[in-house]
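Read the structure below first, then the notes.
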Protein chains: 2
Amino acid sequence: MNYEDAIVALADPTRRTIIDKLRGGGLPVGAIAEGLPVSRPAVSQHLRVLSDAGLLHVTPKGNKRLYSIAPEGVDSLRRYLDSLWDDALAAFARAAEDQAKGKTDE
Amino acid sequence: MNYEDAIVALADPTRRTIIDKLRGGGLPVGAIAEGLPVSRPAVSQHLRVLSDAGLLHVTPKGNKRLYSIAPEGVDSLRRYLDSLWDDALAAFARAAEDQAKGKTDE
DNA sequence: ACAAATCGTAAGCGATGACTTACGGTAAGT
DNA sequence: ACTTACCGTAAGTCATCGCTTACGATTTGT
């Protein structure tokens, strides 16, 4: 999906700890909220943001709702950073080369 | 450095367009602000945030100041997402396996 | 059928953040 | 030396965001 929503979603520290809790696998809302310093509705709101950003999958399981990390969402961000990484390295190499050629001014 | 500051810095759309402008190489503040819908001081503030996050290098060049992307900062975020990507894939595979084994409930 | 559990949503509040204008400071040009 | 260009910082304003409490909906258990 669009990496822009994903990066905004991951900018919040509470949402990152939620994501970290889901690294081992899917969890219902109650288990996610357990131990967190915020209320359960707050967690629900965070889960909404993460889902809208394409970072989470939701599977209704009877009474509960299982949230799990969506690999595709993570991958969209990964690809953005990879392209940024490539360009940054290329620009850095070019700058170093210019520096070696004595192009300190211009 | 710490990927947390980096992800917060990249969450802002204006800061992302600034980063995009620097993909080709270092630029002074004036050139960066040119064409942007915000004032030059606003750009300066954004550059400060990006620098503090370890995403930019600053090289004073006489009158001007050249800002360029710091590959190390981008890499810190890349590593975080790679680890998240690995865990997400593993959890996904495990969930698919459990599903195949008929563990739909429990 | 009734009670309890699980969860999402609405409304309201306080804090953070992005922006503007105004100003000061340093380097380059004449 | 004086002016101009380039840039960072301070102060203040306005919108956005994360949080809480209160409530409603749906599902499970008795």
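Letters A, B, ... mirror the listed sequences (proteins, then strands); counts begin at 1.
Under 4.0 angstrom from either OP1 or OP2 of dG8(C) there lies at least one side-chain N or O belonging to Y67(A). Regarding contacts with the backbone of dC19(C), a side-chain N or O of T14(B) is found under 4.0 angstrom from either OP1 or OP2. Phosphate contact (OP1/OP2 of dG18(D), side-chain N/O of R15(A), threshold under 4.0 Å): present.
For the pair N63(B) CG and dT30(C) P, the computed distance is 13 Å after rounding to whole Å. The CG-P distance, from L47(B) to dC7(D), rounds to 10 Å in whole Å. Between R16(A) atom CZ and dG18(D) atom C1' there is a gap of 14 Å when expressed in whole angstrom units. One atom, NE2 of H46(B), and another, C1' of dT9(D), lie 15 Å apart when rounded to the nearest Å. Rounded to whole angstrom, the span from the CG atom of L50(A) across to the C1' atom of dC17(D) amounts to 14 Å. One atom, NZ of K61(A), and another, C1' of dA5(C), lie 18 Å apart when rounded to the nearest Å. Across the protein-nucleic acid pair, Q45(B) atom CD and dA22(C) atom C1' stand 13 Å apart, rounded to whole Å. Atom CG of L66(B) and atom C1' of dC7(D) are 13 Å apart (whole Å).
Pairing each heavy atom of Y67(B) with each of V58(B), the nearest pair is CE2-CG2, 3.5 Å. Residues A9(A) and R15(A) share a closest heavy-atom pair of O-NE, 2.6 Å.
In this structure a side-chain-to-backbone donor-acceptor pair under 3.5 Å is missing from R23(A) to D86(B).
Counting only heavy atoms from C-beta on, R48(B) has its side chain closest to dT9(D) among dT6(C), dC19(C), dT9(D). Looking at the side chain of R65(A), the nearest of the listed nucleotides dC7(C), dT9(C), dG18(D) is dC7(C).
Heavy-atom distances under 4.0 Å link DNA chain D to P28(B), V29(B), G30(B), R40(B), P41(B) of residues 22-41 of chain B, given in residue order.
A salt bridge links R79(A) to D75(A): at least one charged side-chain nitrogen sits closer than 4.0 Å to a carboxylate oxygen. A salt bridge is absent between D20(A) and R16(A): the closest approach of a Lys/Arg side-chain nitrogen to an acidic carboxylate oxygen does not fall below 4.0 angstrom.
When each of G62(A) and V8(A) is assigned the nucleotide of DNA chain D bearing its nearest heavy atom, the one mapping closer to the 5' terminus is V8(A).
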Which is it for R78(B) and D82(B) under the salt bridge (charged side-chain N to carboxylate O under 4.0 Å, His left out) test, yes or no, and what are the steps along the way? CA-CA 6 Å; R78(B) 242 166 51 102; D82(B) 280 348; 5.4 Å; no

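When the shell of 6.0 Å around NZ of K64(B) is examined, it contains 12 or fewer heavy atoms from other residues, nucleotides or ligands.
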